[in-house]
Protein chains: 2
Amino acid sequence: MRSSAKPPSAKLPAKPRRRTARAPAAKPYHHGDLRRVLIDAALQLVGEGGPDAVSVREAARRAGVSPGAPFRHFPSRDALMNAVAEEAQRRFRAEIEAALAEAPASTPANKPLGRFRCLGLAYLRWAMRNPTHFEIISSRRFFDHDEAAGVSQDNAELIDLTERTLAEAFAQGQLRSADLKQVQIAGRALVYGFARMNIDGHFPRWGVAGADAERTAEAILDLFIEGIAKVPGKSA
Amino acid sequence: MRSSAKPPSAKLPAKPRRRTARAPAAKPYHHGDLRRVLIDAALQLVGEGGPDAVSVREAARRAGVSPGAPFRHFPSRDALMNAVAEEAQRRFRAEIEAALAEAPASTPANKPLGRFRCLGLAYLRWAMRNPTHFEIISSRRFFDHDEAAGVSQDNAELIDLTERTLAEAFAQGQLRSADLKQVQIAGRALVYGFARMNIDGHFPRWGVAGADAERTAEAILDLFIEGIAKVPGKSA
DNA sequence: ACCTGAACACCGTTCAAGT
DNA sequence: ACCTGAACACCGTTCAAGT
């Protein structure tokens, strides 16, 4: 019921030269950019002990600020986690799009299904190398659905990209099934599931040791793609 | 460093007829089976608000007992969650094995790959209908790996069952790939991922409404199985 | 043998008061 | 406009003391 009337105020520019100021510059009462510092502290905490290890108080402590201060910038712990998730999702998207851009032209990898494979591989690779960040952007516990416009949009962008790629693959006769939506959901479930199995600690039970993870990821992705491809190549 | 020397004592049988007892039966100081009651209370809390809504204190409250009492039965909150997870995993396994037993004999469903499909379908169906329970047994946050022998064993049993089924399918020439381990992991990633997407609230974004979930689950499972089958049937 | 109830060290969140 | 610091209502967990 409390409306945190947030005006569209411009962000203040970084204060210039504090050292030679005449004021007592020891420790500024007003933090430079507390919002930013809190997000970074939270990201650090995530890296150290997973999302559950993030507490507003600890983030405040690391920012050198009182327990109540963060609540000037985030209405709740969820809102802070939300900001963290947006940060992670942005990085995720950037890396995937970079990987796609690097795909060598005029090779099999340049055909639509090859690009689809690139997408899946980049997804899996990022998830294997940034498990805690992946956890944050995948679990809904960390954003309230209303506030999470940023996360949702970056993700929707990736979904669209995949959808277009798949549509091209179909147009070029590379796919066996015409039900693209289902193929896409299945593909997503596959990579999401593999990434989640890693996060949730299931790999030891499956005999997938740390170093094997990325190799196995590639193998199951290829298995899936062979399954949806129109002319399945015999294994080399 | 504290060893909770748990003797292999037999569980005490339920006390008979309390109503006509001569002792002051109002509210027994010693609870009948507090351990059991606490697990049930925790299961109820999980049903109401997900795993994070479980607190030892609230479980104690519902059991009508002081905040410290649960710690006579569980060394920590994690241990309580562990017990809850074992309960859920037991139910999960029972349901899947029942579904497999019901598979009609002497039909396509009776061939190994058909049984493999049954397994996957039962897995998905249970996960769709018991999302919070599924979350508990899938996320590692809820058991300490050392204590979780029960969860691990029930799960390992299901994995073995799947493995045997897949091996039979291969022996009967139903599979395209000889790398059974990889097929199994891919299959697991697929169903696990789909179940997790549901839990993590991704379905709205994918246009999968509540009622569609089970239908879609079946569709992607079939898509996967067609992909690994040796003689892919044209879509009907 | 099992439970109580007070205690401790943590949380998230609020709010007057300070600068 | 932003931050402090005390306060409140919660946790998980421990431990003497009760029955």
Side-chain angles (χ1 to χ4, degrees), chain A residues 1-15 21 23-38 41-42 45 49 51-82 141-142 144, chain B residues 1-12 15 23-38 41-42 45 49 51-82 84 141-142 144:
Chain A
M1 223 49 88
R2 96 191 61 90
S3 61
S4 62
K6 199 185 295 176
S9 61
K11 54 185 73 167
L12 43 151
K15 290 185 195 164
K27 217 189 210 172
Y29 189 79
H30 288 73
H31 208 291
D33 186 358
L34 184 52
R35 191 189 144 83
R36 183 66 247 165
V37 173
L38 287 168
L45 286 166
D52 291 319
V54 177
S55 86
V56 179
R57 286 184 107 106
E58 179 62 23
R61 236 172 267 129
R62 298 200 176 187
V65 106
S66 80
F71 292 89
R72 277 307 121 169
H73 299 270
F74 302 99
S76 67
R77 192 195 107 114
D78 278 1
L80 172 58
M81 292 307 270
N82 196 341
R141 307 185 288 125
F142 304 120
D144 5 3
Chain B
M1 225 48 88
R2 96 190 62 89
S3 61
S4 63
K6 200 186 294 177
S9 61
K11 55 185 73 169
L12 41 151
K15 291 184 194 167
K27 217 191 212 169
Y29 187 81
H30 288 72
H31 208 290
D33 186 358
L34 183 53
R35 190 189 145 83
R36 183 66 248 165
V37 173
L38 286 168
L45 286 167
D52 291 319
V54 176
S55 86
V56 178
R57 288 184 107 107
E58 179 61 24
R61 236 172 267 130
R62 297 200 176 186
V65 104
S66 81
F71 291 90
R72 280 302 126 172
H73 299 270
F74 302 99
S76 67
R77 191 196 108 114
D78 278 0
L80 172 59
M81 292 307 271
N82 196 342
V84 172
R141 305 185 288 125
F142 304 121
D144 4 0

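For clarity, every value in this text was computed on a predicted model and none was experimentally measured. Numbered from 1 within each chain, the chains take letters A, B, ... in sequence-line order.
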If you check the [X] side chain, which of [options] turns out closest?
X     : options               : result
B:R61 : D:dC11, D:dT4, C:dG12 : D:dC11
B:V65 : D:dT14, D:dC11, C:dC3 : C:dC3
B:V56 : C:dT14, D:dG12, D:dC3 : D:dG12
A:R72 : C:dA16, C:dC3, C:dT13 : C:dA16
A:S55 : C:dC11, D:dG5, C:dC3  : C:dC11

Over all heavy atoms of both residues, which pair between A:F142 and A:R77 is shortest? Give the atoms and the distance, please. CE2-NH2, 4.2 Å
Give the rounded distance in Å between these two atoms: [atom1] of [X] and [atom2] of [N].
X     : N      : atom1 : atom2 : result
B:F74 : D:dG12 : CZ    : C1'   : 15 Å
A:R77 : C:dT14 : CZ    : C1'   : 18 Å
A:L45 : C:dC11 : CG    : P     : 10 Å
B:R36 : C:dC2  : CZ    : C1'   : 19 Å
A:L38 : D:dC2  : CG    : P     : 13 Å
B:R35 : C:dC2  : CZ    : P     : 13 Å
A:F71 : D:dC8  : CZ    : P     : 17 Å

Please determine, for D:dT4, whether a Watson-Crick or G-U wobble partner exists with both distances under 3.5 Å, and give it or none. C:dA16
With both distances kept under 3.5 Å, what pairs with C:dA9, Watson-Crick or G-U wobble? none
Mind running side chain to side chain contact (heavy atoms under 4.5 Å, CB included) on A:R62 and A:L45 for me, showing each step along the way? CA-CA 10 Å; A:R62 298 200 176 187; A:L45 286 166; 3.6 Å; yes
Rounded to the nearest 0.5 Å, the OG atom of B:S66 sits from the CZ atom of B:R57 at a distance of 9.5 Å
More 5' along DNA chain D: A:A69 or A:R57, using each one's nearest nucleotide? A:A69
Go nucleotide by nucleotide along DNA chain C from the 5' end; which of A:G68 and A:E58 gets its closest nucleotide reached first? A:E58
Would you mind reporting whether A:N82 and A:F74 have side-chain heavy atoms less than 4.5 Å apart? no
Scan B:V37, B:V65, B:L80 and name whichever one has a side-chain contact (heavy atoms from CB on, under 4.5 Å) with B:P70. B:V65
